[in-house]
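Take a look at the structure set out below.
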Number of protein chains: 2
Amino acid sequence: MPHAVQRRPLRADAQRNYDRIVSAARDVFARDGAEAALKEIARQAGTGSATLHRLFPSRRALLEAVFHDRVEELCAMAARRAEESEPGPALLAWLADLNAYASASRGLAASLLHGSRDADLLEQNEGCQAMITDAARELLRRAQQAGAVRPGVRAEDLLALVNAISLATEQHGDDEQAGRLLDIAIQGIQGRAA
Amino acid sequence: MPHAVQRRPLRADAQRNYDRIVSAARDVFARDGAEAALKEIARQAGTGSATLHRLFPSRRALLEAVFHDRVEELCAMAARRAEESEPGPALLAWLADLNAYASASRGLAASLLHGSRDADLLEQNEGCQAMITDAARELLRRAQQAGAVRPGVRAEDLLALVNAISLATEQHGDDEQAGRLLDIAIQGIQGRAA
DNA sequence: ACCTGAACACCGTTCAAGT
DNA sequence: ACCTGAACACCGTTCAAGT
């Protein structure tokens, strides 16, 4: 668990608020999207808005907390794909997993998987984004070694592409198109002789 | 000019406000991005905020007005590329044009080029988006006929991809990555034997 | 016809006051 | 230690009142 976040335990009531907020955030994000009102989340959680801001210093921190479990699943899935299939197919299958997840969550996880570089968010990079990038890097390394994916492609590129596709098709709401775009991306990373 | 918008002329003072708002919007969008505050634009234009909302019923309408000239340039560029080069290279060159424009405007035009399906925006579809889609469709048709691009790819996919890449790398702010992603997309649309 | 600015219902964030 | 809700400075949008 190289990326588990070290945190001293919260006082009992703080922990209760933490859980309530994450639970409310799950619902409200699902209903209103990633730009949902934080005040609404605090309201739904029955907590003061300042409590939310203390426990989660940024919108991103809250999103990380909400999607942490699913990101772990995706990492576990990466390991399983690597065991079950040859390097090339393993990567492609996992990209499909990633895309399914991204479009199922209506692009919610997009900002997580790809991430930004806002100054105050640098420390958060040890969270979901690092986990998923590591998983992608390992699958990609094997696929490139096997010649199934052309060199020059980076793990960050793969995440950015899936992220980009789900961002762009989210507003548009066209799942078929998302499929075609992923197809194009997959064709694009494969070696000429694949 | 199949897509020119028919509008009866505005009264002199209304036209003056219209121009001032577009000019202010150009500056403020460039400074603050596509989510800039409309009230700030009205302020900068020296007009009441209600005037802005009457003249431009949606944020998108204002963006269309601001970027209309550049979109026309892109369409003209498409015609020139088609004249100057063979079908395959013409399309690829134009995609590079499109990408250069998108990243130069820091993803500002993204929502324009790709568009959404919000109910109240349907009539706007006769604007920039339709112009650019027509231009892309013609270049793509020729490239596909020449076998340079595999069938199944649609004009909307190309716009969505460039849009997606510029959206995703805008937050990230990484131009090198944008280049790699466009490369992947271009590889992805080409026929196997290209 | 067109314009204005106050009014309304919201935000995100912070801070004094409480327990 | 932790929580709360009012306070602050903003939004987008609308509407009465003006010219």
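Just so you know, these numbers use all the heavy atoms, side chains as well, and skip hydrogens, waters and symmetry mates. Since the model is a prediction, treat every value here as computed from it, not as a measurement. The chains referred to below are lettered A, B, ... by the order of the sequence lines, with proteins before strands, and numbering in each begins at 1.
- Looking at B:Glu64 and B:Arg59, no side-chain N of the basic residue comes within less than 4.0 Å of a carboxylate O on the acidic one, giving no salt bridge.
- Rounded to whole Å, the distance from CG on B:Asp32 to C1' on D:dC11 is 13 Å.
- When the P atom of C:dG12 is taken as reference, atom CG of A:Leu52 falls 9 Å away, rounded to whole Å.
- OP1 or OP2 of D:dG12 has at least one side-chain nitrogen or oxygen of B:Arg59 nearer than 4.0 Å.
- Taking 4.0 angstrom as the limit, A:Arg54 places none of its side-chain polar atoms (N or O) nearer than this to OP1 or OP2 of C:dG12.
- Following rounding to the nearest Å, B:His53 (NE2) and D:dC15 (P) show an atom-to-atom distance of 13 Å.
- Between the P atom of C:dA1 and the CG atom of B:Leu55 lies a distance of 16 Å, rounded to the nearest Å.
- For A:Leu38, taking side-chain heavy atoms from C-beta onward, the closest of the listed nucleotides C:dG12, D:dC3, C:dC3 is C:dG12.
- Computed from coordinates, the B:Glu40 CD to C:dC11 P distance equals 22 Å when rounded to whole Å.
- By the 4.0 Å N-to-carboxylate-O rule, B:Glu86 lies too far from B:Arg142 to be salt-bridged with it.
- In a base pair of the Watson-Crick type (N1 to N3 plus N6-O4 or O6-N4) or a G-U wobble (N1-O2 and O6-N3), with each distance short of 3.5 Å, D:dA1 is matched with C:dT19.
- Between B:Glu83 and B:Arg80 there is no salt bridge, since no side-chain nitrogen of the basic residue lies less than 4.0 Å from a carboxylate oxygen of the acidic one.
- Pairing for C:dA7 is with D:dT13, a Watson-Crick or G-U wobble pair whose two hydrogen-bonding atom distances lie under 3.5 Å.
- Rounding to the nearest 0.5 Å gives a distance of 9.0 Å between CZ of B:Arg137 and CG of B:Leu159.
- A salt bridge does not link B:Glu73 with B:Arg70: none of the charged nitrogens is closer than 4.0 Å to a carboxylate oxygen.
- Here the side chain of B:Ala37 is nearest to one of C:dT4, D:dG12, C:dT13, namely D:dG12.
- Here A:Ala50 lies in heavy-atom contact (under 4.0 Å) with a base.
- The side chain of B:Thr47 places no N or O atom within less than 4.0 Å of a non-bridging phosphate oxygen (OP1 or OP2) of C:dC3.
- Closest to the A:Ser49 side chain, of the nucleotides D:dC3, C:dC2, D:dA6, is D:dA6.
- When rounded to the nearest whole Å, the span between CZ of B:Arg16 and C1' of C:dA1 equals 14 Å.
- Where B:Gly48 and B:Arg11 each meet DNA chain C at their nearest nucleotide, the meeting point lying more 5' is that of B:Arg11.
- Side-chain proximity of B:Lys39 to C:dT13, D:dG12, D:dC3: nearest is D:dG12.
- The interatomic distance linking B:Ile41 (CD1) with D:dG12 (C1') rounds to 12 Å, in whole Å.
- Residue A:Arg43 is in sugar-phosphate contact alone, with no base atom involved, counting any heavy-atom pair closer than 4.0 Å across all strands shown.
- Put simply, A:Asn17 has no side-chain N or O that comes within less than 4.0 Å of OP1 or OP2 on D:dC2.
- Distance CD1 (B:Ile21) to P (D:dG12): 13 Å, rounded to an integer number of Å.
- With hydrogens and angles ignored, the 3.5 Å screen pairs no side-chain donor or acceptor of A:Trp94 with any backbone N or O of A:Cys75.
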